Amino acid sequence: YTWGTPVTIPNDIYLDGSSTDIWVFQISGTLSMSSATQVHLTGGAQASNIFWQVGGGTGATLGTNSVFNGNILSATQVIIQTGATLNGRALAQTQVTLDANSINAPVLVVPPTSGPVFIDTNTNGVLDSGESFFQTIQAAITAASSGNTLHITAGTYTESGQIVIDKNLNIIGDDKATTIIKPAQNTGDASSGDGRGWFLVGPAGGITFNMSGVTLDGVGKNICFGIYDYALGTIQDINIKNISCAQYYGRAVYLKNNTTISHVRFENIGRIGVFIWQGATAAVVDEITYIGKGVGDQLDYGIELGNGAIATLSNNTISGNRGVANDGSTSAGILVTTYFGPGTTATITGNTLTGNTDGIAVGYDGSDTSVVTAHNNNLSGNIEHGVISTASSVDATNNWWNAASGPTNATTSPTGTGDAITDNVVFDPWFTDLAMTHLSNQLVEVPLPTPVSVGGGVGGSGIGGTRRD
């Protein structure tokens with residue numbers, strides 16, 4: 001901006017722009033700023049990027065108690081009157097006059113040349129020339145296009161606000177042991193709908209979201225749902241811990257679609273590791289590890305299905321779910337129910353469910369119609385039941401019950417000494433060994449003994465033969 005005349009600033013003015021914008025004011029005459037006025041900076045504008053070039057005879061004068069932003073370059077002098085503040089520099093060819101002033105040299109904010117979060121367009125895990133980088137995960141999510149992959153380098157990220165993912169996206173961390181994401185605030189409470197989710201994924205539906213290589217740690221904050229997921233996709237090779245917003249409340253992952261959860265470790269969760277709800281018709285939970293909180297006034301369910309959800313639960317390890325709520329509710333490794341809606345169906349195979357109150361709990365009451373098939377599971381050391389059902393028949397054949405004699409039930413398995421079952425659990429045949437190599441209805445092959453010669457006779461002549469036992 002140029003003036004061939006003197007310039008006076010009689011009232012406050014505002015310079016609005018980004019941190020990289022530059023202003024140059026070229027004034028042939030003098031520059032005079034009235035007392036108690038101010039040059040304001042908004043939008044990220046920096047005093048270091050503002051230049052006032054003054055050529056007039058008496059130079060630049062800042063009135064009493066004024067506040068000025070920018071660098072003054074005067075051909076003659078700069079007079080800064082009593083109490084005025086300069087955020088910048090006063091450079092003059094003759095003199096600078098001061099009187100009880102505050103002079104603050106500007107700090108140049110240099111734009112970063114790299115960032116810990118970047119859009120990895122060629123998915124090689126390296127920030128390459130031309131790839132966009134960011135200082136926060138949410139900034140990268142906002143800038144990303146549908147289908148992009150965000151790479152998060154090792155470090156701890158404390159992210160402000162709810163993290164909303166509303167496009168097809170992949171998030172990959174360097175390593176779940178070294179790439180830690182934490183919330184800066186609480187989520188909404190148990191009554192706040194989608195506000196309960198720390199990560200809110202695809203609330204409008206129709207997207208695919210994949211995540212791997214990070215740890216989500218809600219420590220120190222009230223987090224109702226770690227990931228509230230309406231999307232398709234895969235969440236794998238991550239840790240989730242410290243997710244809770246009230247006693248008996250907290251879900252690490254809440255699924256409403258056909259997501260696969262694989263190789264995820266859950267620890268110190270308020271209530272449920274993976275909660276699968278209506279909308280999920282082919283969800284998969286495979287090879288997760290859920291560590292319960294043990295005995296106490298608390299609840300733990302490694303996996304819970306309800307309201308018509310359909311899922312396959314395989315090769316998971318769930319232990320330590322021993323808490324009892326003050327209303328008498330008990331914990332379980334896996335809970336399946338139609339209490340909130342019909343059609344809930346679970347296929348449970350190859351899991352290790354040990355040291356829980358109940359290994360598998362089916363139903364809340366006598367009207368439950370859940371369909372559960374459970375095969376090839378290790379159901380051992382569970383305190384009350386290996387499998388309990390309040391109503392529907394459960395196909396729990398081909399499992400290990402912690403005893404070669406099978407599960408315990410006074411009516412259906414009176415000779416069994418393993419984990420207990422209720423009457424409506426079908427258990428026969430069962431595995432008779434922990435390695436699950438032999439079923440109770442298989443014949444035991446007994447090898448024939450080696451033939452034995454029997455000597456005898458008269459006069460030393462040998463009369464004998466062989467016998468096959």
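Residue numbers start at 1 and run along the sequence shown. Please read these numbers as outputs of a predicted model, since none were measured by experiment.
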Practice prompt. Determine whether more than 12 heavy atoms belonging to other residues, nucleotides or ligands lie under 6.0 Å from atom NZ of K167.
Written response: yes
Worksheet item: Should we count OH of Y339 as having more than 12 external heavy atoms under 6.0 Å?
Response: no
Going by atom types alone, do [X] and [Y] pair a side-chain donor with an acceptor below 3.5 Å?
X: E131; Y: T121; answer: yes
X: D217; Y: T215; answer: no
X: T417; Y: S405; answer: yes
X: T338; Y: D368; answer: yes
X: S191; Y: D189; answer: yes

Worksheet entry | I163 and its side chain to side chain contact (heavy atoms under 4.5 Å, CB included) partner, picked from L216, I171, I141 | I141
Fill in: Distance (rounded to the nearest 0.5 Å) between F118 CZ and L150 CG
9.5 Å
Would you confirm whether [X], through its side chain, and [Y], through its main-chain N or O, come within 3.5 Å as a donor-acceptor pair?
X: S392; Y: T369; value: no
X: T432; Y: H438; value: yes
X: N351; Y: L353; value: no

Discussion item. So, using side-chain hydrogen bond (donor to acceptor under 3.5 Å, both in side chains) as the criterion, who are the partners of D166 when residues are at least two apart?
Written reply: none
Item to complete: Check each of W277, F275, Y254 against Y228 using the ring pair (Phe, Tyr, Trp, His ring centres under 6.0 Å) test, and report the only one that passes.
Response: Y254
